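On a predicted model such as this, the values are computed, not experimentally measured, just so you know.
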Amino acid sequence: MSDCDKSFFEYTEFASDSESEDPETVIQERQDPEIAYAHICKIAGTINAGLDAVPEDQRNTAEVYAVVDLFRAMMQYIEEFGSYLRYRILDKDSFINEIIRTSSGDIRPLFEAFIEDEFDEFLQKHDVDDDPDKVLSSVFGYEDVQKGMISFPEEELTDAPPDVDLEDVVLRSTEEGVVPEGVEMEELVSDSVENVHNKLKDIALFYLNFREAYNAVKHGNRVTVGDNTRFKLENDEMLDDRIVLDEAIVEFLCKNSDPESDGEPYLLTIPRSILEEKSLDVVENVYTLYTQSYDVATLEDGDEINLSFWKSTGSSGESEKDLIQISNPDSRVILPRSVVPKVIEDLKIPDETKIEWTGDWSLSGNTLEFKVQYETDPTPEYPIHVELVWEQTDHDIHEFGEGQFNFNVSTDDLSVRQYLELLEIKRRDNIRTVELVFSDSDETHQLRVGDDFKAIDVPGLANPEFFEFVKRIGLATDTRIPYPEHISEKHWEVYEEYADCNLDSETAEEILSELRECGEEVMRSYVVAAVWEDESSSVDVDEDEPAHVEELGVLPGILNVSEDQGSKESERYPGEEYQTYPAGSEYTSERLLDNLKENYGPTFSELQESDIDSEKAESEFSHRIRFGEETLWGTIDQHIIDIFPVSGEPS
């Protein structure tokens, strides 16, 4: 028998007025949210009580421990509410089974779903098919109001002020099923569900942020009271400011519960007044929602309950603008923002946590220096595009060095010298510092780098001796020589002729001139196929996007094209594009692409020579050439073979 099928308390009778009652009903009625709330109110009202019986030197500690007890009771109250809310949301059969078997580990995914706006995904995971708003409307009674299962005197709603919370509206069960009418009711229910969701976010955010501190209280009482209220904050020797508080602080010895942290310890420090204030703030939200969901679940005919309505506030999530959290790997300190020096505020993570720039670099020892300019498009002078993404955490303050560099570079932007330098960086495993030097400024920042520093990725070196030779030519002639995508036999012959000679400036200029002449004669073509879903008459190849693009390879030379059989070859116009009209092919689009992938040179020659009647064509193709400029290493053309379906061919 499964847990859900068990009948609990078979040997215990629950009775009222000599009548037996269902254990499920009785236990749920006894799970009254008023009990724990009354206890919390009692603790809050007696924090300063009884201190006369405590030794004078221990009174401050005793008072702070009373606040910690308030915090503990409040966190336990949130867990109690979370367990009950989970039961109501998932609409389980047995309240007893769910309430005794639901742990904090079961509550956490629900709270995370509220914070991350993934409540819909949470419901789907637990096989709840209803809309998220409908689920909340049902749990908190608004759906029953709209169905007429719960009613109230209409004057209660009519006379309510339009811009304030509509609280303490008395509702009662009814058999008439009178459904409230009007746009006002629809709007009021919608706003109320929105605000319920926002309050749940606030509760979940507080619970998850302080869950590890709560565990520190429960397990071993890992709590100390600090009378040292002076804080010294340092950051790469850039910061040395003192923060002074005029009250006691609470320190929780926490264990990091992140699966990737190996349970490392850290200290969470918070002023006593903040812990008390935030605990009391959040407990009011818990009490309001817990009571309402409980009253709706246990409502019987003729009973009266208080059901809260809210006008939309247009906001969500807990407001923490009055607080700031400062952290390092060993500790976290939560402080009033008013006591934090402005220089620390400057270290706050910006709203945009990704910074883009381009740069040039140099390497000295274990320090990699970047010369930075705030642009997004690389240039030959600044060929590396960098994204610096700050680590996403729950903290306001980061340490320099916690960002992740993402480097992107195209060999088209590199010189031979730059390429060889990047290879050296790629080989190094001891880079520990990155120094950023900003153009048009004396500002310099150093960032610590961990062992997982990711180098700038560039292709490997096939002919190191050739590249070193070309680098020497560039230095001797003071010429920026671009990285060669292709080295022809003629370029290699020049290298073999001069490899062992002394490179004075005159000889280097002569070699450079010969390399340029080789570039004028040597051509190559990059070939791709673009497969389109629509017929050629419906496609603008310059504006639309093909369904698939396949890189076919490189041809050593120019891939010529004729407009039709017997016509002259097309003329070259560097920097421009040439395009043929679509022609028929005997192959389907899929077969034509397969043939091109297998051997695109002969296949394309076959296409040019064929003359297929349009009515017999299985597909169409056209040819675009983007003529490249002449360079030291030759001209690079791009050839695009466009493949289109024809009527009757499946796209």
Side-chain angles (χ1 to χ4, degrees), residues 410-412 459 462 484-489 522-631 633-651:
S410 169
T411 51
D412 292 341
E485 293 286 350
H486 174 74
I487 303 171
S488 71
E489 291 184 6
V522 179
M523 308 291 182
R524 61 199 179 282
S525 305
Y526 290 91
V527 188
V528 301
V531 183
W532 299 85
E533 290 185 341
D534 299 322
E535 296 185 17
S536 58
S537 59
S538 303
V539 171
D540 184 341
V541 295
D542 294 321
E543 298 291 336
D544 301 333
E545 291 291 332
H548 176 67
V549 175
E550 187 82 31
E551 295 184 6
L552 300 178
V554 181
L555 287 176
I558 295 178
L559 180 61
N560 293 314
V561 62
S562 299
E563 185 65 39
D564 51 49
Q565 293 185 9
S567 67
K568 295 182 180 180
E569 295 178 355
S570 58
E571 296 186 27
R572 290 187 51 80
Y573 297 98
E576 297 187 6
E577 182 173 296
Y578 173 83
Q579 182 176 346
T580 67
Y581 290 104
S585 165
E586 62 179 313
Y587 304 113
T588 64
S589 296
E590 183 178 3
R591 177 67 184 277
L592 179 54
L593 178 62
D594 288 340
N595 288 0
L596 287 168
K597 288 164 62 176
E598 183 176 345
N599 202 336
Y600 55 88
T603 299
F604 189 72
S605 297
E606 177 190 338
L607 290 175
Q608 287 190 293
E609 294 171 0
S610 64
D611 186 14
I612 303 296
D613 189 289
S614 60
E615 295 182 357
K616 298 180 180 180
E618 296 292 327
S619 66
E620 288 186 332
F621 74 94
S622 63
H623 184 195
R624 286 180 282 160
I625 309 175
R626 294 173 180 169
F627 298 113
E629 304 285 350
E630 293 181 354
T631 70
W633 305 109
T635 301
I636 304 174
D637 290 346
Q638 184 180 35
H639 292 253
I640 305 171
I641 303 171
D642 293 300
I643 302 174
F644 308 95
V646 295
S647 298
E649 183 203 0
S651 58

Quiz item: With a 4.5 Å limit on heavy-atom distance, are the side chains of Phe627 and Tyr578 in contact?
Solution: yes

Quiz prompt | Ile641 side, atom CD1; Ser585 side, atom OG - distance, nearest 0.5 Å | solution = 11.0 Å

Practice problem: Indicate yes or no: does Asp637 engage Arg626 in a salt bridge with an N to O separation below 4.0 Å. | Solution: no

Quiz item: Does any non-hydrogen side-chain atom of His639 lie less than 4.5 Å from one of His623?
Solution: yes

Quiz item: With a 4.5 Å limit on heavy-atom distance, are the side chains of Phe644 and Val539 in contact?
Solution: yes

Quiz item: Which distance, rounded to the nearest 0.5 Å, do you find between the CD1 of Ile643 and the CH2 of Trp532?
Solution: 12.0 Å

Practice problem: Would you indicate whether the side-chain heavy atoms of Gln638 and Glu577 approach each other to under 4.5 Å? | Solution: no

Quiz prompt | Residue pair Glu606, Glu586: steps toward the side chain to side chain contact (heavy atoms under 4.5 Å, CB included) verdict | solution = CA-CA 11 Å; Glu606 177 190 338; Glu586 62 179 313; 3.7 Å; yes

Self-check item: Exam field: side chain Thr603 to backbone Asn599, donor-acceptor pair closer than 3.5 Å
Solution: yes

Quiz item: What distance do Glu590 atom CD and His548 atom NE2 have between them, rounded to the nearest 0.5 Å?
Solution: 11.0 Å

Quiz item: Are Ile640 and Val528 side-chain neighbours, meaning at least one heavy-atom pair lies under 4.5 Å?
Solution: yes

Quiz item: How about Thr631 and Trp633: do any of their side-chain heavy atoms sit closer than 4.5 Å?
Solution: yes

Quiz item: Any side-chain heavy atom of Val531 within less than 4.5 Å of one from Pro546?
Solution: no

Practice problem: List the steps and the verdict of side chain to side chain donor-acceptor pair (under 3.5 Å) for Tyr600 and Glu550. | Solution: CA-CA 11 Å; Tyr600 55 88; Glu550 187 82 31; over 6 Å; no

Quiz item: At their closest point, which heavy atom of Thr635 faces which heavy atom of Gly628, and how far apart are they?
Solution: CG2-O, 3.1 Å

Quiz item: Shortest non-hydrogen contact from Asp534 to Pro645?
Solution: O-CD, 3.3 Å

Quiz item: So, Ser536 and Glu620: side-chain donor and acceptor under 3.5 Å apart, yes or no?
Solution: yes

Self-check item: Glu533 side, atom CD; Ser538 side, atom OG - distance, nearest 0.5 Å
Solution: 12.0 Å

Quiz item: So do Thr588 and Ser619 actually touch side chain to side chain, heavy atoms under 4.5 Å?
Solution: no

